[in-house]
**Student:** 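One structure, as structure tokens, below. Some questions next.
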Amino acid sequence: MTLIVTDLAIARGGVPVLEGLGFALEPGQALVVRGPNGIGKTTLLRTIAGLQPPLAGQIAGAEDRIAYAGHSDGIKPTLTVTENLNFWAAVFGARGILGALDAYDLHELADRHAGNLSAGQKRRLGLARLLVTGRPIWVLDEPTVSLDKEAVGKFADAVRAHLGQGGSALIATHIDLGLEAATLDVGPFRAVPKPVDDFDGDFL
Amino acid sequence: MMPDLGKHTEAVLSSYALSLLMLVLLVALSLWRGRKVRAEMEKTEQRMSRNG
Amino acid sequence: MSIAAKANTIWQYANPKKFLATSERVLPFFWATAAICLVVGLVWGFFFTPDDFRQGSTVKIIYLHVPSALMAINCWLMMLVTSLVWLVRRHHVSALAARAAAPIGVVMTLIALVTGAIWGQPMWGTWWAWDPRLTSFLILFLFYLGYIALWEAIEDPDTAADLTSVLCLVGSVFAILSRYAVNFWNQGLHQGASVMRAGAVTGTDTTEKVSNVFFYPLFLCIIGFVLLFIALVLYRTGTEIRARRIRALLARERAGA
Amino acid sequence: MIALLFRDLKLAMRAGGGFGLGLVFFLIVTTLVPFAVGPQSDLLASIAPGVLWLGALLACLLSLDRLLALDWEDGTLDLLATAPLPLEAVVSVKALAHWITTGLPLVLAAPVFGVLLNLPGPGFFWLVVSLAVGTPALSVVGTFGAALTVGLKRGGLLLSLLVLPLYVPTLIFGAEVARRGAQGMETGTPLLMLGGITLATIALLPFASAAVLRVNLR
């Protein structure tokens with residue numbers, strides 16, 4: 001099923017940031033979201049993930065099909081890597097975690113407490129979580145932060161494998177992942193302010 | 001003019017004084033903040049319409 | 001957001017501009033009538049009513065105590081209604097009206113508590129008793145404080161409006177529960193208060209004529225408190241709307257820069 | 001859901017103090033009260049049910065601000081909100097985990113502290129019963145308060161201010177059951193009321209908590 005976004009308008013802190021935004025994400029495709037800092041990429045991804053309501057517009061085909069990964073990974077430092085992954089696998093009612101450990105080379109770390117991991121290792125664990133969700137659409141916000149070159153390669157491989165299985169991915173990132181992905185530049189969709197001298201229910 | 005309040009003079013007078021004081025304070029604070037905010041809004045609106 | 005702009009519906013005042021214009025027009029009327037009712041009612045009550053034979057001159061406190069206690073509860077009711085309107089119809093003015101009303105409720109509750117304590121001292125021989133009615137007002141006071149503190153603590157105004165509205169709803173249910181619980185816990189000294197039978201309040205109750213002596217000025221004071229409350233709410237809601245507008249403008253300026 | 005419950009319990013054990021903290025606080029209250037009011041045993045006996053209830057309530061209150069804040073900070077709540085679990089279930093499980101780590105130990109330890117305060121014989125049974133029936137309501141109401149204040153930097157004090165008035169009915173009926181029990185009086189009515197409040201809060205409040213949490217997450 002395709003993720004279709006039409007005429008979307010979103011606000012951050014009550015101020016409209018993007019409007020008239022639309023795209024379609026087919027299975028097997030990846031879409032890279034680009035745009036300057038502060039334009040509302042994170043807000044866009046959170047809106048698509050269903051964490052916040054849009055000002056206007058429709059998002060179709062997202063319900064219960066999205067695995068979201070934001071700036072923080074939701075990792076419990078007192079649990080081991082295996083326990084963290086097992087928990088998310090159980091929450092999503094998904095298959096085992098071995099594939100996820102393989103994909104990000106986490107076997108050696110499996111019994112370490114997540115609190116003892118380096119930032120990059122934690123990030124790998126956070127990305128491994130996506131594999132145990134079993135969800136077809138990945139919505140990723142700056143997934144490669146604190147990853148080294150090798151780990152970025154692993155991440156790209158994992159995304160490629162995901163796309164190969166008919167999944168899709170929506171990624172906000174600044175680096176080139178080497179994926180055959182379309183690019184969505186959100187710059188042109190910046191919301192145009194209304195005139196100052198009039199205001200209505202939204203105070204703007 | 002002043003009515004004889006008997007032995008409860010203090011009680012009655014103090015409750016009137018305290019209550020009226022609180023009411024006056026409430027009204028005064030409301031008006032003060034209202035004026036301030038109104039002036040500030042007009043200033044902001046002017047500045048922003050000038051700057052576009 | 002589309003504004004329900006049909007003429008002759010109350011929802012047109014959900015538009016902040018319309019609200020400001022209308023409230024500006026009617027406010028002088030409310031200020032004036034509130035002042036007249038309060039001055040006449042209080043002067044009448046203070047200077048021209050007889051002492052109660054049992055409570056002496058303390059009966060004069062009734063002209064402040066009963067209206068403020070009534071308004072303390074009615075203010076919460078008004079906040080409950082406007083909170084519901086905000087949650088269901090998403091009219092910002094409604095949420096801001098609830099925010100504007102809360103401090104008035106605090107003052108009303110305080111007046112009721114203070115006058116009650118001052119009145120209780122000569123009557124019951126104590127400033128404070130854990131009487132159900134007093135206790136309930138103390139709990140109401142805590143609810144008001146929590147409600148205001150929550151508004152103040154949250155940065156984003158829409159989030160704050162949502163959270164305080166839910167708190168107001170849940171708080172209302174618990175306030176009723178507390179009232180019942182407190183009654184169960186202590187049967188109390190306070191007389192049954194039915195303001196509409198002023199005779200019962202004074203405890204004399206011999207003839208209709210005696211109670212009327214107290215009732216007319218009391219009634220005037222209640223009207224005066226209601227009008228003052230309306231005037232304050234309208235005025236303060238206007239202030240909140242403007243503060244909100246400043247916020248929105250500044251936020252937009254930052255976003256644009 | 002069970003996974004979430006087990007994870008929360010495991011976290012409480014590992015973090016240390018999850019189970020212990022409430023108990024230690026309870027111990028502090030019951031030890032300090034006799035110093036404050038004097039050692040007369042009949043006085044202590046008469047205030048014991050109330051003091052024990054108050055101690056339990058404060059111990060509960062103390063642990064509330066960690067209830068959701070930790071999951072909020074590390075982004076777990078964001079992820080849980082996009083998971084197949086409804087948020088209503090998440091907050092219910094969180095409340096249950098809080099009760100198991102805080103409420104249940106208090107219920108079990110209360111008789112020991114009752115001895116310290118010279119609680120009369122028949123009071124022990126009713127104290128345990130009233131705490132067992134009443135503390136779940138404390139956890140559920142507390143979860144609502146935690147959900148309200150989860151996004152705030154210094155939400156601890158505000159959380160207490162918001163939750164305290166909501167605790168009043170539970171405290172009144174709970175302490176009343178314990179007090180009447182200690183005096184050998186009939187406890188039916190307050191116990192029914194206490195049970196009613198607990199059941200009603202468990203049934204209804206998670207919806208409010210989830211709604212509030214959704215607002216805070218956006």
Side-chain angles (χ1 to χ4, degrees), chain B, chain C residues 20 31 34-35 38 42 45-51 55-65 67-68 100 103-104 106-108 110-112 114-123 225 228 231-233 235-250 252-253 256-257:
Chain B
M1 188 60 211
M2 190 71 191
D4 178 26
L5 297 169
K7 58 181 173 167
H8 301 309
T9 311
E10 286 156 29
V12 177
L13 285 184
S14 59
S15 53
Y16 270 77
L18 283 174
S19 307
L20 293 179
L21 179 72
M22 279 191 263
L23 283 181
V24 168
L25 269 181
L26 175 67
V27 172
L29 279 176
S30 302
L31 291 177
W32 178 72
R33 176 152 183 266
R35 295 243 160 90
K36 208 181 70 170
V37 168
R38 177 193 287 253
E40 203 175 322
M41 184 183 89
E42 274 156 15
K43 217 175 70 191
T44 317
E45 272 182 349
Q46 269 176 12
R47 179 165 53 100
M48 290 200 53
S49 46
R50 212 176 325 116
N51 297 346
Chain C
L20 285 182
W31 286 125
L38 277 179
L42 286 176
F46 188 79
F47 292 103
F48 304 108
T49 54
D51 289 356
Q55 311 202 25
S57 60
T58 56
V59 74
K60 292 185 194 301
I61 298 177
I62 200 175
Y63 304 112
L64 293 164
H65 181 70
S68 60
I104 310 174
V106 170
V107 171
M108 292 298 166
L110 256 182
I111 293 179
V114 168
T115 53
I118 296 174
W119 198 354
Q121 218 290 323
M123 287 304 106
F225 266 78
L228 178 67
L232 276 169
V233 167
Y235 186 82
R236 295 175 58 95
T237 308
T239 306
E240 295 296 341
I241 288 174
R242 293 196 180 90
R244 189 58 205 278
R245 164 96 170 132
I246 295 173
R247 228 196 105 89
L249 285 175
L250 290 180
R252 200 179 83 173
E253 197 174 38

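Labels below follow one simple rule: chain letters A, B, ... track the order of the sequence lines, proteins then strands, and each chain is numbered from 1. Just so we're clear, the structure is a prediction, and the values are computed from it rather than from any experiment. Note: hydrogens, waters and symmetry copies are ignored here, and every other heavy atom, side chains too, is used.
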**Student:** Taking atom types as modelled and ignoring hydrogens, do the side chains of C:Thr239 and B:Arg33 form a donor-acceptor contact shorter than 3.5 angstrom?
**Tutor:** no

**Student:** Mind checking the CG-OH spacing from C:Leu42 to C:Tyr63? Nearest 0.5 Å is all I need.
**Tutor:** 10.0 Å

**Student:** Consider side-chain contact (heavy atoms from CB on, under 4.5 Å). Of B:Arg38, B:Glu45, B:Lys43, which one does B:Met41 pass it with?
**Tutor:** B:Glu45

**Student:** Do the two ring centres, one from B:Tyr16 and one from C:Phe46, sit under 6.0 Å apart?
**Tutor:** yes

**Student:** If I measure from the heavy atoms of chain B, does C:Ile118 come under 4.5 Å with its side chain, its backbone, both, or neither?
**Tutor:** both

**Student:** Pick one of side chain, backbone, both or neither for C:Leu228, based on which atoms fall under 4.5 Å of a heavy atom in chain B.
**Tutor:** side chain

**Student:** Using non-hydrogen atoms only, which part of B:Leu31 is less than 4.5 Å away from chain C: side chain, backbone, both, or neither?
**Tutor:** both

